[in-house]
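Accompanying notes for the structure given below.
All values below were derived from every heavy atom in this structure, side-chain atoms included, with hydrogens, water molecules and symmetry-related copies excluded. Every chain is numbered from 1 and lettered A, B, ... according to where its sequence line falls, protein lines coming before strand lines.
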4 protein chains.
Amino acid sequence: MILVIKKEREQQQLDNLIAWVKSLGLNVHLSEGENCTIMGLVGDVSRVDADLVRSLEIVEAVKRISEPFKKANRKFHPQDTVITVGNAKIGGKNFTLMAGPCSVESEAQIIEIAKAVKASGAHILRGGVFKPRTSPYAFQGLREEGLKLLIKAREETGLPFVTEIMNAKHIDLFEKHVDIVQVGARNMQNFELLKELGTMSKPILLKRGLANTIEEWLMSAEYIMSEGNQNVILCERGIRTFENYTRNTLDLSAIPLIKELTHLPVIVDPSHASGLSRLVEPLSLASAGAGSDGLIIEVHNDPSKALCDGPQCIKPNQFDTLIKKLKVILPLVGKVL
Amino acid sequence: MILVIKKEREQQQLDNLIAWVKSLGLNVHLSEGENCTIMGLVGDVSRVDADLVRSLEIVEAVKRISEPFKKANRKFHPQDTVITVGNAKIGGKNFTLMAGPCSVESEAQIIEIAKAVKASGAHILRGGVFKPRTSPYAFQGLREEGLKLLIKAREETGLPFVTEIMNAKHIDLFEKHVDIVQVGARNMQNFELLKELGTMSKPILLKRGLANTIEEWLMSAEYIMSEGNQNVILCERGIRTFENYTRNTLDLSAIPLIKELTHLPVIVDPSHASGLSRLVEPLSLASAGAGSDGLIIEVHNDPSKALCDGPQCIKPNQFDTLIKKLKVILPLVGKVL
Amino acid sequence: MILVIKKEREQQQLDNLIAWVKSLGLNVHLSEGENCTIMGLVGDVSRVDADLVRSLEIVEAVKRISEPFKKANRKFHPQDTVITVGNAKIGGKNFTLMAGPCSVESEAQIIEIAKAVKASGAHILRGGVFKPRTSPYAFQGLREEGLKLLIKAREETGLPFVTEIMNAKHIDLFEKHVDIVQVGARNMQNFELLKELGTMSKPILLKRGLANTIEEWLMSAEYIMSEGNQNVILCERGIRTFENYTRNTLDLSAIPLIKELTHLPVIVDPSHASGLSRLVEPLSLASAGAGSDGLIIEVHNDPSKALCDGPQCIKPNQFDTLIKKLKVILPLVGKVL
Amino acid sequence: MILVIKKEREQQQLDNLIAWVKSLGLNVHLSEGENCTIMGLVGDVSRVDADLVRSLEIVEAVKRISEPFKKANRKFHPQDTVITVGNAKIGGKNFTLMAGPCSVESEAQIIEIAKAVKASGAHILRGGVFKPRTSPYAFQGLREEGLKLLIKAREETGLPFVTEIMNAKHIDLFEKHVDIVQVGARNMQNFELLKELGTMSKPILLKRGLANTIEEWLMSAEYIMSEGNQNVILCERGIRTFENYTRNTLDLSAIPLIKELTHLPVIVDPSHASGLSRLVEPLSLASAGAGSDGLIIEVHNDPSKALCDGPQCIKPNQFDTLIKKLKVILPLVGKVL
């Protein structure tokens, strides 16, 4: 971290700052310039509060050189993290397909869809049972009942499943029954929940918040990893902008950038991003081209009857076609299905 | 809610839609146009999923007329909600001042600040003990220990206090000891937490999320109110934009709009919004002019020693001056300090 | 267009509104609801100012059904527009590659690059001579001198070129010498310029503004088309968000949506969007997957010596590799190179 | 400007960089750290292209210390700029009121409003004659005819007027007849127009772009000033965010910040920002509290008949009341009406 120190200052102020920095176990490297003094902080600066430093009267500017995340940082872990779930692998050369309905509605529905997406080649079943809804009056999901149906679908098809957790109270339940634990965009910075997920043995699928930077996203992964759980899968699902034609703006530039910054796998959710089922195929092909490690797609036997998020579901036969096209693109980015 | 139905459709599709709408207990009002049919849904449309309806093949567009929030809606509760906390009143003609440090650091610190802000005329003490921090390595607050110090400060000064809750596990602790329970911006859509806060007897201070619309914010208030707790205080603290000179962009246009939409009190946090202490006074005067019901301000005995968010703290004497100026503005907007 | 009229109103107000609407040559279709009256405006509503209507006391809400753009609207022109420039075709089944340096610097530089990109398979040469720069002190391009160099490069290679116009004064110069006239993001709503471009015989490459919606973008195309010039090529180049790791956020969801909304070709500029040359390949493959009609890429013989925007330039050999990969993807989206 | 140079580099690369920097007339100040080398550039760095530097392989990071604007920079011009227009003064201790209709519609209309706002205490008349409209089919203003009406209104009332210029072709016309030349948000980065405005003798009112940073805004002022015209008035009119209830989000945090960064006056347009006339008063009081140098407000004799932007106009009597309230606030911020 580099601090630019103003010329107009009292020596005492500078001494206080240096003393405080050293008290954090850091070394200080000073170099006098004409209009200012450059102070380099050497050591583990992750405990330095840049906001605090910036607040000091004598500090003109603060520039962090190293990223604030460590366990998630590719610099310290050059090898891709590859996560194994049942027969599926996520990360590295693998391209992983997670598919299923937005919401689990009935045993017949989830089992029919599970069989269909498995037949198409999906590796993991997705289905919401605890639903984050903007309105308290909207359908909140089948909750525990829905979880039982996902377990049945897994028994029937052998597909592991991913579903969202919304409350730390359900950690034991999820630890026992769920294969991949999803954190929704709205809980990306629910730090207390993240810490508890860090104690689980199951992989965590961490969705990007609606208005969070890539760095904040990786810091949330760091929260989970710092508690011990190294199996975090990042999921880009669109950010909020002024554009109204799409519900969110899918940030595909984030994919190649994140692959540089971290060794964790990153997948894309093209369904929630746009909110429009007819955009799922083009955005899925785009995600593959951008170097994504996989996709999580909403597939529904009858979109027009979905209890939620209907517009973004595609039908099994469309999913089938999509996979055929993905198989053509993946070799270009060094991936296999 | 109005649905625009396409001309090119099968009668069966229209009949299905009408049947489904009626199954939700709503009446349907149809009117044939030249290029489309307008379908009006009459009744309680809060349970209608606009996304689902929009997904139907025959639906060209959906237009909601009434707001989706009810308990928070001024249309149904024209009178301002006035919340009483100790000797303080929040809402109506009252302008309420909440002040204190970002973080509680020590007994001496919090008591000194509590006395200072009380002397200046603050009604409520603020101080963070459970701190939401982007980094797992940053100071997370004194937690339970800090709560004890806030209680001591209340005993010493008689000032009720507001502090942030981050985990539903602490509900009982907060119900027993805390005067106003704050929900941070990052938890604004932590729906499971909101539901549990709805069962508390203490007022909830609900901060606006970094990238949430006014409607989503009021829906989060609705979550709390729908569980029984009608005492919700809204707090505008800035939204995230592309502007970098300020940490967030304080959305003061939201204040007069929210006063129209809801009967709940709305206050402003000028400290977090800008992240710059020297902007606190002008933004506070601006908030008063915009019709805010109060302010929540960070005041610190020594900003440069703050353990967090130092840049946005002001000193007691500056707080004193600010209050004198507020007293000139408030009569213009029908408020009293 | 649908107006929702409030119940509480005077008949006179409603009569005035109806009279005014009819004075615009529109028919009115009224239907009484329980809580409001729905007024449908039938006819060419493009001249109705929705802002004005919304301002009327008796109007609760306004909902436009048809898009405000006509000449650019696929509904009225279902066939893809295909633009021919020299041997190149843009739109339809064609995938068009425009490549070259950010700025034209010297005869040697532009001719060397022109030859290189032609050898790789580029169809059109790009190069800036009038440069929009945030700072008046920054290099503003070689201007007229640079234009001469582009003409030389065209003579040498036979490649048509695209370059940006910034001032209506240059219309004659561009009409005479330039093959495709580019409008930069910052001039997307320079309506006076757009009108004059509408009188040109040369195709216009219209970049999306930094914070403009898809609809505003198409309305800017409509400005050009309404003056007679139907050959508009849209170019997505990233929108401004809170994310800092990339200079802009490339909005690839916009591509398939725009292909639905308009018959005009739309290409992607992956270089400016990210501002990082190493993101050009993944974002180019992503653009192809999303259904783009082409790419405009910065290629430079020595990125580290570029006079501007260096970070986003790639080298000819990288461009070569990229094209080989594009050829694998394009058949999946029904395109040929 | 500070460059962070990577450890892994060839000496030749560093030497090239140093040579290039010196070729720009700058001195280089190097200091070796453990993990990197810090290079300070001393001198006028305004001609250094940060993007280019960042692109160099050996550069880890670039940090600009000094602002890129000079003539607009308060550091070099500590005194407030005060601009005189007729009897009106803008900047310094003055609080200036500009008022009038969105669009000039008729001689009767503009003269009636001019008299009304003058009676209330407005210093300058505003009225649009060249109208930037998103749609080519919308009313584009009375143009030259409207300008004549503004001149008549000035003759009748003695009020100087401000109106928007959209085309450099009109520079002479505006130089001859207009008192203050307005640049609309959409032309804030129309650099060619800015340069020509820099040659005028009339003050320029520069509106902030929809999605421009404060720094970009000041750089656009710098464009005008660098050509000789030092009389630039900045106007905050709201930025584009995801919030839909208001048309734009008024960024009042920008006001006190800009007063620090520049000596130029900055006023607020509360009418366009919200798009809602009932928000004009609270946002105007807020602007005064934030330290604005004035306001530009839409006032209309009959909002419901406005040909454009009706929702944001207020009536003369409301304007009258507003001014009385402003007079109470202004002394608090050291201003006089």
Side-chain angles (χ1 to χ4, degrees), chain C residues 13 16 44 46-47 49 51-57 68-70 130 132-140 166-169 185-195 198 209-212 215-216 219-220 222-223 225-227 239-240 247 275 277 303-304 306-313, chain D residues 13 16 44 46-47 49 51-57 68-70 130 132-140 166-169 186-195 198 209-212 215-216 219-220 222-223 225-227 239-240 247 275 277 303-313:
Chain C
Q13 294 175 295
N16 289 345
D44 172 9
S46 63
R47 292 193 327 285
D49 183 330
D51 273 341
L52 166 55
V53 175
R54 201 173 281 109
S55 76
L56 300 174
E57 242 187 313
F69 44 92
K70 295 186 290 188
F130 294 96
R133 306 305 307 277
T134 309
S135 167
Y137 310 116
F139 174 62
Q140 309 264 322
M166 289 176 63
N167 193 327
K169 288 179 178 170
R186 295 176 179 81
N187 278 318
M188 192 202 91
Q189 292 193 310
N190 181 346
F191 302 120
E192 294 281 310
L193 177 62
L194 296 178
K195 281 190 241 174
L210 270 172
N212 288 107
E215 186 172 292
E216 288 171 331
M219 289 309 289
S220 287
E222 191 81 12
Y223 254 100
M225 299 169 86
S226 67
E227 296 293 327
I239 57 177
R240 183 163 272 180
R247 185 163 51 180
S277 60
S304 68
L307 286 183
C308 86
D309 290 340
Q312 71 222 26
C313 300
Chain D
Q13 294 175 295
N16 290 345
D44 172 10
S46 64
R47 291 191 329 284
D49 183 328
D51 271 341
L52 166 56
V53 176
R54 201 173 282 110
S55 75
L56 300 174
E57 241 186 314
F69 45 91
K70 297 186 289 187
F130 293 96
R133 307 305 308 277
T134 308
S135 168
Y137 311 116
F139 175 62
Q140 308 265 325
M166 288 176 63
N167 193 327
K169 288 180 178 169
R186 293 176 181 79
N187 278 318
M188 192 203 92
Q189 292 193 310
N190 180 346
F191 301 121
E192 294 281 309
L193 176 62
L194 296 178
K195 281 190 243 176
L210 268 172
N212 289 107
E215 186 171 291
E216 289 171 332
M219 288 310 288
S220 287
E222 191 80 11
Y223 253 100
M225 298 170 86
S226 67
E227 296 293 326
I239 57 177
R240 181 163 273 180
R247 186 163 50 181
S277 60
S304 68
K305 286 226 191 58
L307 286 182
C308 87
D309 290 340
Q312 69 224 26
C313 300

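- Considering only heavy-atom pairs separated by less than 4.5 Å from chain C, the leading option among D:Leu193, D:Asn212, D:Asn167 is D:Asn167.
- Top candidate by heavy-atom pairs under 4.5 Å with chain C, chosen from D:Arg186, D:Met188, D:Met225, is D:Arg186.
- Neither the backbone nor the side chain of C:Asn16 comes within contact range of chain D; no heavy atoms are under 4.5 Å apart.
- For the pair C:Gln140 (side chain) and C:Ala138 (backbone), a donor-acceptor distance under 3.5 Å is present.
- One finds the CD atom of D:Gln189 at 7.0 Å from the CG atom of C:Leu210 (value rounded to the nearest 0.5 Å).
- In this structure, C:Arg240 contributes its side chain and D:Ala211 its backbone to a donor-acceptor pair below 3.5 Å.
- Residue C:Pro68 touches chain D through its backbone alone, counting heavy-atom pairs closer than 4.5 Å.
- Taking OH from C:Tyr223 and CZ from C:Phe191, the interatomic distance works out to 5.0 Å, rounded to the nearest 0.5 Å.
- Contacts of D:Glu227 with chain C are absent, with no heavy-atom separation under 4.5 Å from either backbone or side chain.
- One N or O on the side chain of D:Arg133 and one on the backbone of D:Phe139 form a donor-acceptor pair closer than 3.5 Å.
- Residue D:Asn190 touches chain C through both its backbone and its side chain, counting heavy-atom pairs closer than 4.5 Å.
- Neither the backbone nor the side chain of C:Glu215 comes within contact range of chain D; no heavy atom of the residue lies under 4.5 Å from a heavy atom of that chain.
- Note that OG1 of D:Thr134 is 13.5 Å distant from CZ of C:Phe69, once rounded to the nearest 0.5 Å.
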